[in-house]
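All residue numbers in this chain count up from 1 along the given sequence. The shown structure was predicted, so the numbers you read here are calculated from the model rather than taken from an experiment.
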Amino acid sequence: MINLNELENMGFKEGALSECIITTYNKDDIPNAAPIGVTIHDECVTMRIHTFTDTYRNIVDKKSCVLNIVYDPYLFIKTAIMGQGKDKEEQDIEDNQVYKAQNVDAPYINSANAYIELKLLSHDERKTHDRHGKAKVSIIKFEILSINIIKDYPITINRALFAAIELAILLSREKKDGTEHYLKIMKKTMASDDYKKIEDLLEGKL
């Protein structure tokens, strides 16, 4: 039985969109990661994903995924822009950054504050019009199998995290207008070494 109070303590609220990183396995057990907004409803997790993505194919194939609670701006940006369809040629998350989950055929991020193992319940594909033209998205519903707290203490929130999430959303939509605003916030509020990693990651991509 899932403890709903535990979900609330982690910041989830019924019907509210929470930004997390979803991890799955590609073919040959290559780890895949992508930032995705999720909602909680009737003790289930729901997310909306394009059907052409690695994440969607992996979820349908493995019938599962892991939802990671992460506070690392670099990871949100990296997993938004790298890895699509490239497997080991360009991994969005490295092998040494994940461990195999216990209850599902998916990895979890070993630096996450917490992770939730999810079992696929249903996926409903629908046609849509977006930046890709005519496309398909899937509304996916999951059962929560386990909630795993790795770091059970409060952390302070840095503005760079929110800027990184907004930047990751822009980049995942292949938009470059407005990116400078979020980079300025990160440069102002992050430790210089941490910002340099993001700067190096984005070199030649903006």
Side-chain angles (χ1 to χ4, degrees), residues 7 9-13 16-24 30-40 45 47-50 53-55 65-86 88-99 107-116 130-132 148-206:
L7 288 173
N9 290 340
M10 295 165 67
F12 292 99
K13 292 186 178 180
L17 193 67
S18 297
E19 300 297 333
C20 306
I21 294 180
I22 303 300
T23 44
T24 57
I30 298 168
N32 167 268
I36 295 174
V38 306
T39 56
I40 304 292
V45 171
M47 60 185 78
R48 182 179 184 270
I49 304 180
H50 278 91
T53 60
D54 293 336
T55 298
C65 69
V66 171
L67 183 161
N68 298 269
I69 312 301
V70 175
Y71 295 93
D72 183 349
Y74 179 83
L75 267 182
F76 270 98
I77 295 172
K78 183 182 180 185
T79 56
I81 66 173
M82 300 184 73
Q84 179 63 34
K86 296 185 178 178
K88 278 197 173 295
E89 294 175 24
E90 182 185 274
Q91 287 185 230
D92 35 31
I93 195 159
E94 303 302 324
D95 295 337
N96 63 5
Q97 291 180 284
V98 299
Y99 295 138
Y108 70 90
I109 299 172
N110 53 34
S111 62
N113 280 51
Y115 67 95
I116 300 174
D130 59 16
R131 69 189 186 282
H132 304 287
N148 306 274
I149 308 297
I150 299 175
K151 303 172 184 175
D152 57 350
Y153 55 84
I155 68 165
T156 60
I157 298 297
N158 185 291
R159 286 176 63 202
L161 175 62
F162 303 105
I165 290 172
E166 295 300 328
L167 178 59
I169 292 169
L170 282 180
L171 295 176
S172 70
R173 294 175 179 172
E174 300 176 359
K175 294 182 178 179
K176 296 182 180 180
D177 290 343
T179 56
E180 188 63 29
H181 169 69
Y182 298 114
L183 287 170
K184 284 181 179 178
I185 293 174
M186 286 188 282
K187 186 173 184 179
K188 180 179 179 181
T189 60
M190 294 181 76
S192 57
D193 289 349
D194 291 336
Y195 180 73
K196 182 65 166 54
K197 284 174 57 182
I198 291 175
E199 198 172 42
D200 291 343
L201 174 69
L202 294 176
E203 185 175 358
K205 292 183 170 64
L206 296 180

| said: So, taking the atom named CG in L75 and the one named CD1 in I93, what distance separates them when rounded to the nearest 0.5 Å? | reply: 5.5 Å
| message | If you count every heavy atom of other residues, nucleotides or ligands that lies below 6.0 Å from K151 atom NZ, does the total exceed 12? | response | yes
| Closest approach of M186 to A160 (non-hydrogen atoms, all atoms of both residues) | CG-O, 3.8 Å
| Working for side-chain contact (heavy atoms from CB on, under 4.5 Å), residues M82 and L201 | CA-CA 10 Å; M82 300 184 73; L201 174 69; 3.5 Å; yes
| Flag, side chain of D92 to backbone of A33, donor-acceptor distance under 3.5 Å | yes
| query | Which is it for Y115 and I69 under the side-chain contact (heavy atoms from CB on, under 4.5 Å) test, yes or no, and what are the steps along the way? | reply | CA-CA 6 Å; Y115 67 95; I69 312 301; over 6 Å; no
| field | K205, NZ: over 12 other non-hydrogen atoms inside 6.0 angstrom | value | yes
| said: Walk me through whether I22 and V66 qualify under side-chain contact (heavy atoms from CB on, under 4.5 Å). | reply: CA-CA 6 Å; I22 303 300; V66 171; over 6 Å; no
| Does a side-chain N-to-carboxylate-O contact under 4.0 Å join K196 and D200? | yes
| request: Return the minimal non-hydrogen interatomic distance between I150 and I109, and the atom names on each side. | output: CD1-O, 4.3 Å
| message | Side chains of N68 and T23 only: does a donor on one sit below 3.5 Å from an acceptor on the other? | response | yes
| query | Nearest heavy-atom pair of P31 and P107: which atoms, and what distance? | reply | CB-CG, 4.2 Å
| said: Less than 4.5 Å apart, side chain to side chain, heavy atoms only: is that true for T39 and V45? | reply: no
| request: Would you confirm whether Q97, through its side chain, and E94, through its main-chain N or O, come within 3.5 Å as a donor-acceptor pair? | output: yes
| Are the charged groups of E180 and K187 less than 4.0 angstrom apart, N to O? | no
| request: Hey, could you give me the OG1/CD distance between T179 and E166, rounded to the nearest 0.5 Å? | output: 13.0 Å
| query | Would you call the rings of Y99 and Y108 parallel, tilted or perpendicular, where under 30° means parallel and over 60° means perpendicular? | reply | perpendicular
| Under 3.5 Å, is there a donor-acceptor pair between the side chain of N158 and the main chain of T189? | yes
| remark: In this structure, NZ of K197 is separated from CG of D72 (nearest 0.5 Å) by 6.0 Å
| query | So, for G37 and M47, which heavy atoms are closest and what is the spacing to 0.1 Å? | reply | O-CB, 3.9 Å
| message | Are L67 and V38 packed together at the side-chain level, in the sense that at least one heavy-atom pair is separated by less than 4.5 angstrom? | response | yes
| request: Verify side-chain contact (heavy atoms from CB on, under 4.5 Å) between L7 and I116, making sure each step is shown before the conclusion. | output: CA-CA 10 Å; L7 288 173; I116 300 174; 3.8 Å; yes
| field | Exercise: identify the closest heavy-atom pair between N110 and V98 | value | ND2-N, 3.5 Å
| Nearest 0.5 Å, what's the OG1-CD distance between T79 and Q91? | 13.0 Å
| said: Between L183 and Y195, is there a side-chain heavy-atom distance shorter than 4.5 Å? | reply: yes
| query | Roughly how far, to the nearest 0.5 Å, is the CD atom of E19 from the CZ atom of F162? | reply | 11.0 Å
| query | How about T55 and N32: does a side-chain donor come under 3.5 Å of a side-chain acceptor? | reply | yes
| said: Just verifying a value: how many Å separate I21 CD1 and I36 CD1, rounded to the nearest 0.5 Å? | reply: 10.0 Å
| said: Please find the pair of heavy atoms, one from F76 and one from C20, that lie closest to each other, and give the distance. | reply: CE2-O, 4.0 Å
| said: More than 12 heavy atoms of other residues, nucleotides or ligands under 6.0 Å from CD of E203: yes or no? | reply: no
